[in-house]
Amino acid sequence: MNSQQARATSGYFPDSGDPRYRVRRYELKLDYRPEGNRLVGSARIEAVAAPGPDRLGEFVLDLAGLRVGRVRVDGRAAQHTHRGGRLRIRPAVPPAPGAEFTVEVRWSGKPQPVRSPWGGIGWEETEDGALVAAQPVGAPSWFPCNDRPSDKAAYLISLTVPSGYTVVLGGRLLARAAHASTTTWVYEQPAPTPSYLVGLSIGSYRAVRLDESPAAVPQLGYVPARLAARFESDFGRQPEMMRLFQELFGPYPFGEYTVVVVDEELDVPVEAQGLATFGVNHLDGARGWERLVAHELAHQWFGNSVTVADWQHIWLNEGFAKYAEWLWSERSGGPAAHTLAEAAHRQLSSLPQDLVLADPGRRLMFDDRVYQRGGLTVHALRRVLGDDTFFRLLRDWTDTHRHSTVTTADFTAAATRWAGRPLDDFFTAWLTEPALPPLPGGD
Ligand SMILES: [Zn+2]
């Protein structure tokens, strides 16, 4: 297996995605009726067959629990079967290796969350609408996709709902057209986006502008009207945070950043492309959850623009997002990153040390210890490299791999280049040994 193929297979989720092709662009036309939870969809998917000796006689799209209607490949009806969340398609004329082809799929039904070790993920009905938080394998709950993080594509999504609902998606709102009793919302996300990062919210929201100058990254909030004042207070420093992160991590990777507060309690906020979803429990009017505002914003660089090639590298998302919380604290008048790191280190020292950060396994991939030790690893590296080299490395990392996918090996190689000396012992201790190393002394 060459390295390209190794990147293509999804070790933690062998039943998700298909490395035999990649998608360039999804065009989704959806109609959703919250009453009855009824979704009707059609997709036009522009894809490219993988290089290699063979034509693409068969390929798979992930789609869970919905009824598939017509399937066409390059305009011709295609044979297909749909079992266990896998839509197997056999084109009448198999695309040649490396050739572009187009898939059209129609589907309908009552979307439900996909079962996972972390409970239901993906499409979820709310009191008054719906939301999608798909990480890591929930995207097939609402549209057919090549559901692996390394397959990033552009999206054009048109969603029709009864008038009165607001539709929030990541990306630019191109159009909002009212019909007799429905309204169609059209959003475009041109940046390469893995299916798990397509987030969605349908509900009753008031729009709140956060950015205060035309030069700033456009930042919009959607929030239940009764919570607008609280939101403006809790997210009031986000534009400042956006400026700081651009200074530390490089230019913001997308055209805009949208935050939606859904009218429900959520265990944790969730990042999507150009979008973050918070629960009402994350608003307290006293900026009590500001570290999570920083965490979700940092994911736009770490996770969303620079995406893990496979889930085993999840620390590259969560470790950096955690560290961004500490950097924001340090730079906004709170405790220094080192103080927060020492506290995290003390806490981790008292917990079982049975987790390998570079490959925690599917069961532990969202364990809080991955976040904490990930943040500690980044901080330890900063102590070893010194601030100047460390922050150059961060900007080089987000620039070199902008809108691309990465592995842990890519990161350790980059850090070693910037260090100008081998860091094997350092990375072995922090990434592949379960025992927690001491924090480096630093200066
Ligand atoms: Zn996170």
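Position 1 is the first residue of the sequence; numbering continues from there. Reckoned from all heavy atoms, side chains included, excluding hydrogens, waters and symmetry mates.
- In this structure, the ring of F254 has its center less than 6.0 angstrom from the ring center of H403.
- No side-chain N or O of S42 forms a donor-acceptor pair with one of R106 less than 3.5 Å apart.
- Environment of CD in Q79: sparse, with no more than 12 heavy atoms of neighbouring residues, nucleotides or ligands closer than 6.0 Å.
- Counting heavy atoms of neighbouring residues, nucleotides and ligands inside a 6.0 Å radius, atom CZ of R176 does not exceed 12 of them.
- D263 places none of its side-chain heavy atoms less than 4.5 Å from the side chain of T126.
- Centroid-to-centroid, the aromatic rings of F411 and F320 come within less than 6.0 Å.
- For the residue pair K152 and T405, no side-chain donor N or O sits within less than 3.5 Å of a side-chain acceptor on the partner.
- Within the 4.5 Å cutoff, the side chain of W311 has heavy atoms near those of the Q135 side chain.
- A 6.0 Å sphere centred on CG of D425 holds no more than 12 heavy atoms belonging to other residues, nucleotides or ligands.
- In the model, Q219 has a side-chain atom that pairs as donor or acceptor with a side-chain atom of Q238 under 3.5 Å.
- The two residues Y32 and G129 have their closest heavy-atom pair at OH-O, 4.1 Å.
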Steps toward salt bridge (Lys or Arg N to Asp or Glu O under 4.0 Å) verdict (D62, R86) | CA-CA 5 Å; D62 299 291; R86 304 280 278 170; 2.8 Å; yes
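- Residues V280 and V262 form no side-chain contact, since every pair of their non-hydrogen atoms from C-beta on lies 4.5 Å or further apart.
- Of the N and O atoms on the side chains of T407 and H313, not one donor lies less than 3.5 Å from an acceptor on the other residue.
- A heavy-atom distance below 4.5 Å is found between the side chains of P136 and I121.
- The existence of a salt bridge linking R369 and D354 is confirmed by a sub-4.0 Å separation between a basic side-chain nitrogen and an acidic carboxylate oxygen.
- Under 3.5 Å, the side chains of S201 and Y205 contain a donor-acceptor pair of N or O atoms.
- Put simply, the side chain of T400 does not reach to within 4.5 Å of the side chain of W397, judged on heavy atoms.
- In this structure, a donor-acceptor pair under 3.5 Å is absent between the side chains of T428 and D424.
- Side chain to side chain, E318 and H299 meet the donor-acceptor criterion of an N or O pair below 3.5 Å.
- Looking only at atom types and distance, the side chain of D234 has no donor-acceptor partner in the side chain of W289 under 3.5 Å away.
- Legend: side chain to side chain donor-acceptor pair (under 3.5 Å) pairs involving residues 160-174, not counting sequence neighbours, sorted by first then second residue: D128-Y165, T160-T184, S163-T183.
- When atom types are taken as modelled, the side chain of T193 and the backbone of A191 share a donor-acceptor pair closer than 3.5 angstrom.
- Ring centroids of F235 and F278 are separated by less than 6.0 Å, placing the two rings close together.
- When atom types are taken as modelled, the side chain of R395 and the backbone of E247 share a donor-acceptor pair closer than 3.5 angstrom.
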In sequence, state the C-alpha distance, the side-chain angles, and the governing distance for F231 and Y222, and then conclude on ring pair (Phe, Tyr, Trp, His ring centres under 6.0 Å).
-> CA-CA 9 Å; F231 176 80; Y222 285 97; 9.6 Å; no
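- Side-chain contact check for H282 versus V261: every heavy-atom pair is 4.5 Å or farther apart.
- In summary, the aromatic rings of W315 and F302 are positioned with their centroids too far apart to meet the 6.0 Å limit.
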Take R72 and D74 through the salt bridge (Lys or Arg N to Asp or Glu O under 4.0 Å) test and state the conclusion after the steps.
-> CA-CA 6 Å; R72 289 173 182 259; D74 289 333; over 6 Å; no
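- Not one N or O on the side chain of E256 forms a donor-acceptor pair closer than 3.5 Å with the backbone of L275.
- For the 3.5 Å distance criterion, the side chains of N146 and D151 qualify, holding a donor opposite an acceptor.
- In this structure, the side chains of E46 and E100 stay at 4.5 Å or more apart for every pair of heavy atoms.
- To the nearest 0.5 Å, the span separating CZ on R148 from CG on D310 amounts to 10.0 Å.
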Begin from the C-alpha positions of R291 and K322 and carry the test side-chain contact (heavy atoms from CB on, under 4.5 Å) through to its verdict.
-> CA-CA 9 Å; R291 71 171 185 85; K322 169 59 72 178; 3.6 Å; yes
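- Using a distance-only test at 3.5 Å, with no hydrogens or angles considered, no donor-acceptor pair links the side chain of R22 to the main chain of A153.
- Taking all atoms of both residues into account, the shortest heavy-atom contact from L423 to A419 is CD1-CB, 3.8 Å.
- Residue pairs meeting the salt bridge (charged side-chain N to carboxylate O under 4.0 Å, His left out) criterion with at least one partner in residues 184-197, sequence neighbours excluded, are R25-E188.
- Of all heavy-atom pairs between E265 and N281, the closest is CA-OD1, 3.1 Å.
- Between Y323 and W328, the gap from one ring centroid to the other reaches at least 6.0 Å.
- The backbone N or O of P437 sits less than 3.5 Å from a side-chain atom of H345, completing a donor-acceptor pair.
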Tell me, with the steps shown, if V186 and L156 meet side-chain contact (heavy atoms from CB on, under 4.5 Å).
-> CA-CA 7 Å; V186 183; L156 180 70; 4.0 Å; yes
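- Remark: side-chain polar atoms of S141 are paired, donor with acceptor, to backbone N or O of W123 under 3.5 angstrom.
- A donor-acceptor pair is defined here as one N or O able to donate and one able to accept, closer than 3.5 Å; no such pair exists between the side chain of R417 and the backbone of T412.
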Derivation of the side-chain contact (heavy atoms from CB on, under 4.5 Å) call for L200 and L131 = CA-CA 5 Å; L200 162 71; L131 73 92; over 6 Å; no
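- Under the salt bridge (charged side-chain N to carboxylate O under 4.0 Å, His left out) criterion, no residue pair touches residues 427-436, with sequence neighbours excluded.
- When all heavy atoms of H82 and L63 are compared, the pair lying nearest together is NE2-O, 2.6 Å.
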Determine, stepwise, if the pair R20 / E58 fulfils salt bridge (Lys or Arg N to Asp or Glu O under 4.0 Å).
-> CA-CA 9 Å; R20 292 173 291 186; E58 181 202 88; 3.4 Å; yes
Output, in order, the C-alpha distance, side-chain angles, deciding distance and verdict of salt bridge (Lys or Arg N to Asp or Glu O under 4.0 Å) for E27 and K29.
-> CA-CA 7 Å; E27 287 182 16; K29 280 205 177 96; 5.9 Å; no
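- In this structure, R209 places its CZ atom where more than 12 heavy-atom neighbours from other residues, nucleotides or ligands lie under 6.0 Å away.
- Scanning both residues, P94 and L56, for their nearest heavy atoms gives CB-O, 3.3 Å.
- Between Y371 and N317, the side chains place no donor N or O within less than 3.5 Å of an acceptor N or O (distance only, hydrogens not considered).
- Using a 4.5 Å cut-off on side-chain heavy atoms (C-beta onward), N37 and L39 make no contact.
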For the pair L66 and F143, evaluate side-chain contact (heavy atoms from CB on, under 4.5 Å) and give the outcome as yes or no after the intermediate values.
-> CA-CA 9 Å; L66 297 156; F143 71 97; over 6 Å; no
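- Although no hydrogens or angles enter the test, the distance criterion places no donor-acceptor pair under 3.5 Å between the side chain of W430 and the main chain of L381.
- In this structure, G274 and Y252 approach most closely via the heavy-atom pair CA-OH, 3.8 Å.
- Counting non-hydrogen atoms of neighbouring residues, nucleotides and ligands closer than 6.0 angstrom, the CZ atom of R67 reaches no more than 12 such neighbours.
- Panel note: side chain T182, backbone P162; no donor-acceptor pair is recorded below 3.5 Å.
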